[in-house]
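One structure is given below, encoded as structure tokens.
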Amino acid sequence: MGHSFPSFLFWVAFVFFRCFSALDLKMSHGTKWMSYLRQWSAANVSSALIEKGQNRVIDASLTLIRERAKLKGELLRSLGSVKASTSLLGVPLGHNSSFLQGPAFAPPRIREAIWCGSTNSSTEEGKELNDPRVLTDVGDVPIQEIRDCGVDDDRLMNIISESVKLVMEQDPLRPLVLGGDHSISFPVVRAVSEKLGGPLDILHLDAHPDIYDAFEGNKYSHASSFARIMEGGYARRLLQVGIRSITREGREQGKRFGVEQYEMRTFSQDRHMLENLKLGEGVKGVYISVDVDCLDPAFAPGVSHIEPGGLSFRDVLNILHNLQADVVAADVVEFNPQRDTVDGMTAMVAAKLVRELTAKISK
């Protein structure tokens with residue numbers, strides 16, 4: 001079929017070892033075999049053949065999101081009288097974390113906690129999560145499967161953006177994205193802004209500003225996501241709340257982009273204003289990004305970057321509940337199940353954030 005039998009064998013072996021690269025890289029012998037195999041594959045497998053395989057995996061991944069979103073959208077349109085319904089989309093990406101990659105395992109743990117029998121399906125304002133007019137789920141973008149095919153981050157970010165747009169195409173679905181590390185916010189915000197046709201106001205709750213130009217040389221680092229967002233013109237206003245670990249570069253970048261940074265050291269005097277925000281007038285809507293480490297670790301120990309002195313859980317809910325805004329999309333990121341306490345305390349915290357954001361988005 002245009003390829004010699006030895007080349008075919010090298011291709012089969014290449015795909016096999018790529019699929020198990022995450023495991024191999026943890027083992028010295030596996031690492032040697034991966035290095036050896038890459039040399040042979042580079043010499044025997046054409047880039048066109050590899051790209052063709054990548055495209056098939058990407059197309060299959062997007063088709064899965066598209067069809068699930070279409071099904072949920074059709075259901076809601078048939079029910080009628082739904083202006084906006086929250087739809088969960090998981091993006092289990094962890095490799096852009098500068099410390100631990102455990103956030104890649106968060107989406108299924110958050111889902112499990114949302115439907116845990118220890119609580120009920122009602123949000124604090126009385127919306128029922130088991131009503132599809134309030135909450136649907138379109139599954140996860142298969143990040144690891146895509147990366148195992150050798151897809152680079154430039155292309156991966158485009159795939160994430162495209163997945164978000166596929167959800168938004170199905171009116172009345174609005175995406176609530178489950179991370180994943182905070183690098184996912186850039187492609188998600190980009191998609192929402194491009195789909196709606198203009199910039200957003202962003203409320204960002206975090207211990208860190210995540211606005212480095214390129215942290216440790218990685219332009220897609222979870223510590224650089226908001227630099228990419230501001231450079232792209234996807235936000236008119238960016239309000240960062242809960243900040244308590246910020247460097248000189250973080251402050252300089254904040255000034256460069258006109259970011260409104262509210263640090264925890266002044267929270268007591270900023271509290272009234274932050275608990276009575278009105279955002280979104282004159283733009284396409286409001287995006288909320290919640291890094292779980294915005295909370296003091298007493299409330300959420302299961303994060304990669306433990307930073308004492310943060311917001312209480314009720315502080316966060318007061319900000320969210322009192323916010324006057326048309327929330328068009330949101331994310332909850334940086335929950336790390338590998339650092340969570342017994343009985344999944346932080347998973348329940350992340351799930352509660354998702355529940356209350358769902359109530360805020362759905363109409």
Side-chain angles (χ1 to χ4, degrees), residues 96-99 157 179-190 192-193 198-296 303-311 315-316 319-320 323 325 327 329-334:
N96 281 323
S97 175
S98 61
F99 183 42
M157 293 296 157
D181 68 45
H182 219 152
S183 67
I184 71 166
S185 290
F186 162 59
V188 176
V189 169
R190 177 177 64 182
V192 175
S193 175
L200 312 166
D201 283 352
I202 300 177
L203 174 61
H204 169 206
L205 294 99
D206 202 327
H208 318 88
D210 293 349
I211 203 165
Y212 285 95
D213 180 59
F215 190 73
E216 296 180 342
N218 181 7
K219 68 178 181 178
Y220 292 127
S221 169
H222 69 158
S224 300
S225 50
F226 286 91
R228 304 288 83 76
I229 288 168
M230 299 308 289
E231 285 174 351
Y234 303 120
R236 178 188 66 175
R237 292 180 68 186
L238 172 59
L239 289 77
Q240 299 184 318
V241 180
I243 305 299
R244 57 195 186 277
S245 179
I246 183 170
T247 64
R248 177 182 297 176
E249 181 178 350
R251 290 193 173 92
E252 290 174 349
Q253 285 280 88
K255 291 178 181 178
R256 172 190 171 194
F257 292 119
V259 179
E260 301 165 54
Q261 295 176 331
Y262 298 95
E263 298 184 40
M264 283 306 301
R265 61 193 177 92
T266 61
F267 182 72
S268 59
Q269 64 195 56
D270 297 330
R271 177 191 295 273
H272 179 75
M273 182 272 293
L274 293 173
E275 291 183 351
N276 293 277
L277 289 171
K278 186 175 183 179
L279 300 175
E281 290 186 349
V283 291
K284 297 297 182 177
V286 173
Y287 186 96
I288 300 176
S289 181
V290 182
D291 185 321
V292 177
D293 72 23
C294 72
L295 294 160
D296 190 273
V303 295
S304 298
H305 298 268
I306 293 172
E307 191 67 39
L311 297 161
D315 290 335
V316 172
I319 292 170
L320 296 179
L323 173 66
V327 181
D331 65 54
V332 174
V333 298
E334 294 288 353

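Positions are given from 1 along the sequence. Scope of the values below: all heavy atoms of this structure, side chains included, with no hydrogens, waters or symmetry mates.
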Exercise for review: Give the ring-plane orientation class for His204 versus His182, where under 30° counts as parallel, over 60° as perpendicular and anything between as tilted.
Suggested key: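 Perpendicular, since the angle between the ring planes exceeds 60°.
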Practice item. Would you check, one step at a time, whether the test side-chain contact (heavy atoms from CB on, under 4.5 Å) holds for Phe226 with Ile229? Key: CA-CA 5 Å; Phe226 286 91; Ile229 288 168; 3.7 Å; yes
Point to revise | Straight-line distance of Glu252 CD to Asp213 CG, nearest 0.5 Å | key: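 Answer rounded to 0.5 Å: 11.5 Å.
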Check your understanding: What is the distance from atom NZ of Lys219 to atom CG of Asn96, rounded to the nearest 0.5 Å?
Key ->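 Answer for the NZ-CG pair, Lys219 versus Asn96, is 11.0 Å.
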Point to revise | Thr266 side chain to Glu263 backbone, donor-acceptor under 3.5 Å | key: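 Judged by distance alone, yes, a pair lies under 3.5 Å.
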**Study point:** Donor-acceptor pair, side chain of Asp181 and main chain of His222, under 3.5 angstrom
**Key:**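 Checked: no pair found.
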Point to revise | Atom CD of Gln269 with >12 non-hydrogen neighbours under 6.0 angstrom | key: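 Correct, the count exceeds 12.
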Quick one: are [X] and [Y] in side-chain contact, heavy atoms under 4.5 Å?
{"X": "Tyr234", "Y": "Val192", "value": "no"}
{"X": "Ile184", "Y": "Val333", "value": "yes"}
{"X": "Ser289", "Y": "Asp206", "value": "no"}

Exercise for review: Not counting sequence neighbours, list each pair that qualifies as a ring-ring contact (aromatic ring centres under 6.0 Å, His included) and has a residue in residues 245-272.
Suggested key: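 Every candidate ring-ring contact (aromatic ring centres under 6.0 Å, His included) pair involving residues 245-272 fails, so no pair, neighbours aside, qualifies.
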Review point. For Val303, what residues pass the side-chain contact (heavy atoms from CB on, under 4.5 Å) criterion, not counting sequence neighbours?
Key: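 Val303: side-chain contact (heavy atoms from CB on, under 4.5 Å) contacts with Val292, Asp293, Ile306.
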**Study point:** Nearest heavy atoms of Leu279 and Arg237, plus distance in Å
**Key:**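 Scanning both residues completely, I find the closest heavy atoms to be CD2-NH1, 3.5 Å.
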Check your understanding: Less than 4.0 Å between a side-chain N and a carboxylate O, is that true for Arg256 and Glu249?
Key ->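 Salt bridge flag = no for Arg256 with Glu249.
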